[in-house]
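Scroll down for the structure; my scribbles are underneath it.
These numbers come from a predicted model, not from an experiment. Reminder, nothing fancy here: chain letters follow the sequence lines and each chain counts from 1.
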Number of protein chains: 2
Amino acid sequence: MKKVTINSVAEYAGVSKKTVSRVLNNEPNVSPATREKVLKVFKELDYKPNPIARGLARNKSFIIGCLYDNPSKSYITRVQSGALEACHKFNYNLLIHPCELRGTELIENVGQLLTTSRLDGLVLTPPFSDSQELIDYLKKQDIPYARVASAIQDDSSISVRSNDEQGAFELTEHLISLGHKDIAFIKGHPDHSATEKRFSGYRNALMKHGIDFKAHLVAEGNFSYHSGADSAKEILDLDPMPTAVFASNDYMAAAVLKLATQRQLKVPQDISIAGFDNAPIARHIWPGLTTIAQPVEEMTRQAVEQLIMQISDPSTEVYQKVLEAKLITRESTAAR
Amino acid sequence: MKKVTINSVAEYAGVSKKTVSRVLNNEPNVSPATREKVLKVFKELDYKPNPIARGLARNKSFIIGCLYDNPSKSYITRVQSGALEACHKFNYNLLIHPCELRGTELIENVGQLLTTSRLDGLVLTPPFSDSQELIDYLKKQDIPYARVASAIQDDSSISVRSNDEQGAFELTEHLISLGHKDIAFIKGHPDHSATEKRFSGYRNALMKHGIDFKAHLVAEGNFSYHSGADSAKEILDLDPMPTAVFASNDYMAAAVLKLATQRQLKVPQDISIAGFDNAPIARHIWPGLTTIAQPVEEMTRQAVEQLIMQISDPSTEVYQKVLEAKLITRESTAAR
DNA sequence: ATGATATTTGACACCGGTGTCATAATGTCA
DNA sequence: TGACATTATGACACCGGTGTCAAATATCAT
């Protein structure tokens, strides 16, 4: 099977390759007759323009890169699916690139990525969306990027996040309204800005309702299930045991639930447990986890859509957006 | 910041661009002195070769595409991580493309993918690895591909799978050895070849141990948690209720566990439950699920590695490989 | 020193498209 | 019908690299 290029199409149709290019890109100033003729040849030869050649000429690749370093597989797939939705809408594709925030090679690693594959833009998900070092680098390299769930204040770049603080506040109030006063808290990974946001939502709710904050009720997690299991042990070993646990994500909450169940504790009768994110696991276990639903897909979709807009027209105004997080109550929390 | 191209480097270094290209690609026949000089200019100007231009000249993109249509997020991320490992080892990148097997537009959709982004090869994961239609199309288009977990017999293309039948056989034997005779089975998605393999492993084990196969103990699932919940209802409503349930994946098993727990059944005392895949959820719930560990990352890694080998040298022999699946016993199964 | 061979280097076409600009064809109006 | 604006088309350079091949230079045996 011989390769069909723009040249062969042009020759076959008896026009110049520039005219073929015009038809290809739906440019004006082609007579209907010619256009028709060329389109027919497209069909006849089954012509597919070479995206690489086009990329070289236009200096574009129509590929967006997605950077992440996150232990939650469901979070990652949600991010991907939001990003893909936006990409496909505009005929872009998505290249994924998990890498580690820590370690001196981050910049080098991303540099390598940009060297081996020219990307039109980058979506940064936590914790990268909070890495000032990375952002400075991208700015210097002049690579368009969009931040998802970032806490960095920067009006000159795209950012879509959800209201973590508000969500944590509401969830804590929910627990308080059920009569809980000793509410343990498991923090997330310190590199993620959401960690501090959720923590302060928790503290603010306590404060608003006149409940003293007790440092010994706070455990340090890192969003992984494993860290949740460690924190769970700390918390369930406390005497007196708190009546409720608020974990900064659902995986850690699931770990608490597992240990509690292993210890023959009844949830929610003996202890209430709540998570954050509304990951699939929150409804796959029994009792289902009360949690905060974050619109992860939607955040990413909007971020990528804005990113593509900005790529196609760099003069487009970029803006920052905050989406609402929503309380989902299930069976894991109850009045004490 | 002016763009640094191979031309500017050549001019600056006082050599031809071909020589620069030689240094870039570590080709022989460059005098050490010249090589040194050019390398210094690379540093000085911070030169980054343009992958698109290189791609055009060599007719390569160094990008592998990954096709999937799978409800299990953990399966997807495991596939991705295995694929990425192989890609990065050879300086390739990975582009992801979820799409639907059903619907007439599959071929069109993949065609679109290949049109908008030239890929050097494609990894097919279930159920695509079993789609003869897609495979024929790729062959016709002359796009290299590798199949993961495919049951299609085709010695001319790369395939890495694990032994689903053997795994299911072992798991069933495990249940039988615990004294179970009424073992319900939840099937997977009919489009996946693994579904039949696992089912026949189950039947063969029953047969070997002289246990009659009972059709009413088989429920039709599709690998999704939701389908598992439906099947769970069917099975737990049976009278007499079977003493064990073997679900074709862990999500469906988790759904059975959830319903059982909701109904105040003790697992494994009242009923044993087993899954397949060793997905994260299998150890995130209580009791942990007895299951079969499939080396998903490893399968994909090997498949992609072979794929890249074949791309770099089309004369490379391709081969098919079967990896072992392994029984993992946890708390969800016990003697009756 | 001489010719034969091996190594280093560069000129130039090429990959498959797009952008610029000149020219040809067509349309408009007095 | 001629002058002028408008539309259609193509020639050609260009994007930033790589492949081919011939020329220039270095190495070596005799």
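Heavy-atom minimum distance, A/T300 versus A/V123: CG2-CG1, 4.4 Å. Across all their heavy atoms, B/K37 and B/A13 have their closest contact at CE-O, 3.6 Å.
At C/dG16, one or more side-chain N or O atoms of A/K3 fall inside 4.0 Å of OP1 or OP2 (strictly under the cut-off). The side chain of B/S21 places an N or O atom within less than 4.0 Å of a non-bridging phosphate oxygen (OP1 or OP2) of D/dT18. Side-chain nitrogen and oxygen atoms of A/T19 include at least one within less than 4.0 Å of the OP1 or OP2 phosphate oxygen of D/dG10. For D/dG10, the OP1/OP2 oxygens have a side-chain nitrogen or oxygen of A/S16 closer than 4.0 Å.
One distance of note links OG of B/S129 with CG of B/L134; it measures 9.5 Å at 0.5 Å rounding. A distance of 8.0 Å separates NZ of A/K17 from OG1 of A/T5, quoted to the nearest 0.5 Å.
Nucleic acid contact for B/V15: sugar-phosphate only, since backbone atoms but no base atoms lie under 4.0 Å from a heavy atom of the residue. B/N25 comes within contact range of the sugar-phosphate backbone alone, with a heavy-atom separation under 4.0 Å but no base atom that close.
Between A/E27 atom CD and D/dA8 atom C1' the separation is 13 Å, expressed in whole Å. Atom C1' of nucleotide D/dG17 and atom CZ of A/R118 are separated by 14 Å, given to the nearest angstrom. Distance CD1 (A/I6) to P (C/dG19): 11 Å, rounded to an integer number of Å. In this structure, B/E11 places its CD atom 14 Å from P of D/dG16, rounding to the nearest Å. Here the P atom of nucleotide C/dG10 and the CG atom of B/N29 are 13 Å apart, to the nearest Å.
A donor-acceptor pair under 3.5 Å is formed between the side chain of B/N25 and the backbone N or O of B/S21.
Taking only distance into account, the side chain of B/K17 never meets the base of D/dG16 through a donor-acceptor pair shorter than 3.5 Å.
Side-chain contact between A/S150 and A/L124 is absent, with no heavy-atom pair separated by less than 4.5 Å. The side-chain heavy atoms of B/Y12 and B/L45, taken from C-beta on, include a pair separated by under 4.5 Å.
Of all the residues in residues 31-56 of chain A, A/Y47, A/K48, A/P49, A/N50, A/A53, A/R54, A/L56 reach under 4.0 Å from DNA chain C with at least one non-hydrogen atom.
Distances were taken from every side-chain heavy atom of B/R22 (C-beta onward) to each of C/dG17, C/dC15, C/dT9; the shortest belongs to C/dT9. Distance from the side chain of A/R58 is smallest for C/dG19 among the nucleotides C/dT9, D/dT9, C/dG19. Counting only heavy atoms from C-beta on, A/K18 has its side chain closest to C/dT18 among D/dT9, C/dT18, D/dG16.
Ring-plane geometry between B/F223 and B/H192 is classed as perpendicular, the angle between the planes exceeding 60 degrees on a 0 to 90 degree scale with a lower cut at 30.
The bend of the helix from C/dA1-D/dT30 to C/dA30-D/dT1, defined by the angle between the axes of its first five and last five pairs, stands at 40° to the nearest 10°.
A/Y137 does not carry A/K140 over the face of its six-membered ring by the limits of under 6.0 Å from the centre and within 45° of the normal.
Taking 4.0 Å as the cut-off between side-chain N and carboxylate O, B/E305 and B/R301 count as a salt-bridged pair.
Position along DNA chain C of the nearest nucleotide to B/N59 versus B/V30 favours B/V30 as the more 5'-ward residue.
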